[in-house]
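This is the structure I have questions about; it appears just below.
Bear in mind the structure is a predicted one, so any value in this text is a computation, not a measurement. Sequence lines set the chain letters: A, B, ... in the order given, protein chains first and strands last, and positions in each chain run from 1. Both backbone and side-chain heavy atoms feed into the values below; hydrogens, waters and symmetry mates do not.
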Protein chains: 2
Amino acid sequence: MARTIQQEVPGRSPLTAAAVLGRAVELADAEGLDAVTIRRLGKELGVTPMALYWHFRGKDALLDALVDRAVADVDLAVDLAVPWQQQFGSLMRSIVGMLRAHPWITALLSRGGLPSEGHLGVLEVMLDVLRRAGFTPEQATTVARHALSTAAALVGGEPGYAPRLSPEELADRQHRFRGLLEKLPGDRYPRIIEAAVPLSTCDDPDGYYAFGLDLLLAGIEAMAPRAR
Amino acid sequence: MARTIQQEVPGRSPLTAAAVLGRAVELADAEGLDAVTIRRLGKELGVTPMALYWHFRGKDALLDALVDRAVADVDLAVDLAVPWQQQFGSLMRSIVGMLRAHPWITALLSRGGLPSEGHLGVLEVMLDVLRRAGFTPEQATTVARHALSTAAALVGGEPGYAPRLSPEELADRQHRFRGLLEKLPGDRYPRIIEAAVPLSTCDDPDGYYAFGLDLLLAGIEAMAPRAR
DNA sequence: TAGCTAACTATACGGCGTACAGGCTACGGT
DNA sequence: ACCGTAGCCTGTACGCCGTATAGTTAGCTA
């Protein structure tokens with residue numbers, strides 16, 4: 001009943017779902033989500049594209065598994081000794097950190113479909129923090145949903161969302177953008193021209209994320225049932 | 001020099017970029033962004049797919065134009081007589097309204113690329129409101145970026161983002177989701193089970209959007225330089 | 001030895017974006 | 001009356017994509 005190792009094909013260990021997902025993550029991180037194709041994965045793994053269909057029902061299932069694998073990286077430990085705002089904040093920081101590490105996930109999250117186990121785990125912890133803070137189940141649901149959306153939005157947002165771009169490409173982009181700003185009619189876009197520098201630079205991404213999270217948390221706290 | 005009407009092909013008026021975009025919007029609204037393909041558009045317009053390449057440099061340019069066309073629908077009028085919070089709020093409501101009308105835009109917004117004219121128009125007005133409220137150019141830039149991301153996130157967020165789904169499909173989804181929730185282990189996911197109803201229903205989308213915007217605005221106001 | 005099953009391979013289909021080359025129509029100049 | 005030219009479109013082909021279907025192989029069990 002137990003299968004032993006089966007290593008007959010010369011240079012290759014047998015395919016596993018985990019190996020496929022691992023290579024897929026590498027591909028997505030390095031070349032973007034568009035590079036993750038069945039055929040490409042097959043080639044990378046030294047296998048016929050159709051071989052992947054033994055391990056996954058189709059590309060959708062593969063992508064779902066990919067999201068789940070990433071979501072599992074979120075640190076769900078909460079310190080019950082600190083105020084709920086801090087508990088929620090560190091939760092959000094962990095989520096944002098995971099999304100920043102793999103920005104392509106945001107595109108996958110907004111495909112419909114039932115939530116995966118990883119999803120549910122994160123959601124459970126968020127709801128728990130909010131419920132203990134005094135929110136009703138309805139309020140907690142709304143806040144958690146909104147917080148998750150905001151996290152995705154932060155990562156998808158402008159500060160050069162362009163991941164995996166080489167520094168030179170990024171500099172080129174920035175240069176072309178600044179060129180565009182410079183030849184804008186000054187009487188129509190005074191505010192944009194005035195803000196040309198902050199608009200076209202994206203230094204201090206950490207500050208950007210900190211600001212976004214602070215703003216979210218400030219909003220949540222302003223609506224909290226009993227602030228403490 | 002001036003070309004007059006040229007209607008030689010029997011049943012068809014000559015193609016224009018606007019006509020292509022119009023059909024593309026209809027397609028995206030009715031069947032989702034995936035239905036917008038060069039070949040499909042050509043078929044719909046009674047024309048060879050390659051004909052579209054006369055009017056657009058490629059599919060990317062077509063999609064960019066599509067976004068621009070939609071963004072132009074945003075109502076940029078602001079009432080200078082009301083507090084800046086209200087000015088910004090109605091601006092955001094207009095933006096969210098546009099995104100809700102064409103949810104597929106959110107997917108297009110997060111593709112990199114230089115901002116279009118429509119983009120700049122919206123950004124200019126947002127920055128203006130924020131600057132007059134006392135934010136520095138840097139702050140205003142950050143807030144505007146974040147607000148735009150949040151608007152996109154709201155629309156992309158959970159409440160059944162599944163657009164264009166028939167009511168029956170939507171009910172099926174909801175039913176399967178509730179089934180999943182019911183057979184969850186109660187000891188591992190108490191908070192989720194407790195919130196099963198608000199999680200699986202998506203009535204009152206207006207309330208969802210109002211909440212999201214209120215939360216954003218509360219956060220912004222909490223960080224405003226001189227609160228009023 | 002025969003048969004079963006897990007894990008692949010081979011082939012093929014239809015759809016996608018688009019490069020490239022060719023053609024047709026209406027107009028302006030001569 | 002002719003023709004060049006510009007604008008608009010067609011035809012064909014290439015190389016990707018996901019995947020349905022069917023065939024092959026290795027190792028285990030009986």
Whole Å only: how far is the NZ atom of K43(B) from the P atom of dG17(C)?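 So the two atoms are 12 Å apart, to the nearest Å.
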Polar side chain donor-acceptor pair, D68(A) to S116(A), under 3.5 angstrom: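 Short answer, yes.
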Tell me: CZ of F56(A) to P of dC8(C), nearest whole Å?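 Those two atoms, CZ and P, are 12 Å apart.
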Are E44(B) and R39(B) close enough for a salt bridge, meaning some N to O gap below 4.0 Å?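 Between R39(B) and E44(B) there is no salt bridge, as every charged N stays at least 4.0 Å from the carboxylate O atoms.
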CZ of R57(A) versus P of dT19(D): gap in Å, rounded?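 It is 11 Å, rounded to the nearest whole Å.
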Look at H55(A) and dC8(C) and indicate whether a side-chain polar atom (N or O) is within less than 4.0 Å of OP1 or OP2.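 For dC8(C), OP1/OP2 do have a side-chain N/O of H55(A) under 4.0 Å.
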Give the rounded distance in Å between these two atoms: CD1 of I38(A) and P of dC13(C).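 Spelled out: CD1 on I38(A) to P on dC13(C) is 21 Å.
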Could you state the CE-P distance from M50(B) to dC14(D), rounded to the nearest angstrom?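 For the pair M50(B) CE and dC14(D) P, the rounded distance is 15 Å.
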Going by modelled atom types, is there a donor-acceptor pair between the base of dG15(C) and the side chain of R40(B) at under 3.5 Å?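 No, no donor-acceptor pair under 3.5 Å.
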E138(A) side chain vs P198(B) backbone, donor-acceptor pair below 3.5 Å: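 Not at all, since once roles are kept as given, no pair shorter than 3.5 Å links the two residues.
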Please report, rounded to the nearest Å, how far the C1' atom of dA19(C) is from the NZ atom of K59(B).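 K59(B) atom NZ is separated from dA19(C) atom C1' by 17 Å.
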Whole-Å gap separating P (dG18(D)) and CG (D34(A)):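 Rounded to whole Å, this separation is 10 Å.
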Presence of T37(B) side-chain N/O under 4.0 Å of dC16(C) phosphate oxygens OP1/OP2: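 Answer is yes, contact under 4.0 Å.
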Need to verify one output field. Residue with the more 5' nearest nucleotide on DNA chain C, T48(A) or R39(A)?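 The 5'-side residue here is T48(A).
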Which nucleotide sits closest to the side chain of A51(A): dT9(C), dT18(C), dT10(D)?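 Looking only at side-chain atoms, A51(A) lies closest to dT9(C).
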Given atom CH2 of W54(A) and atom P of dA26(D), what is their separation to the nearest angstrom?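 Those two atoms, CH2 and P, are 17 Å apart.
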D73(A), CG atom: more than 12 neighbouring heavy atoms under 6.0 Å: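 Atom CG in D73(A) is crowded, with more than 12 foreign heavy atoms closer than 6.0 Å.
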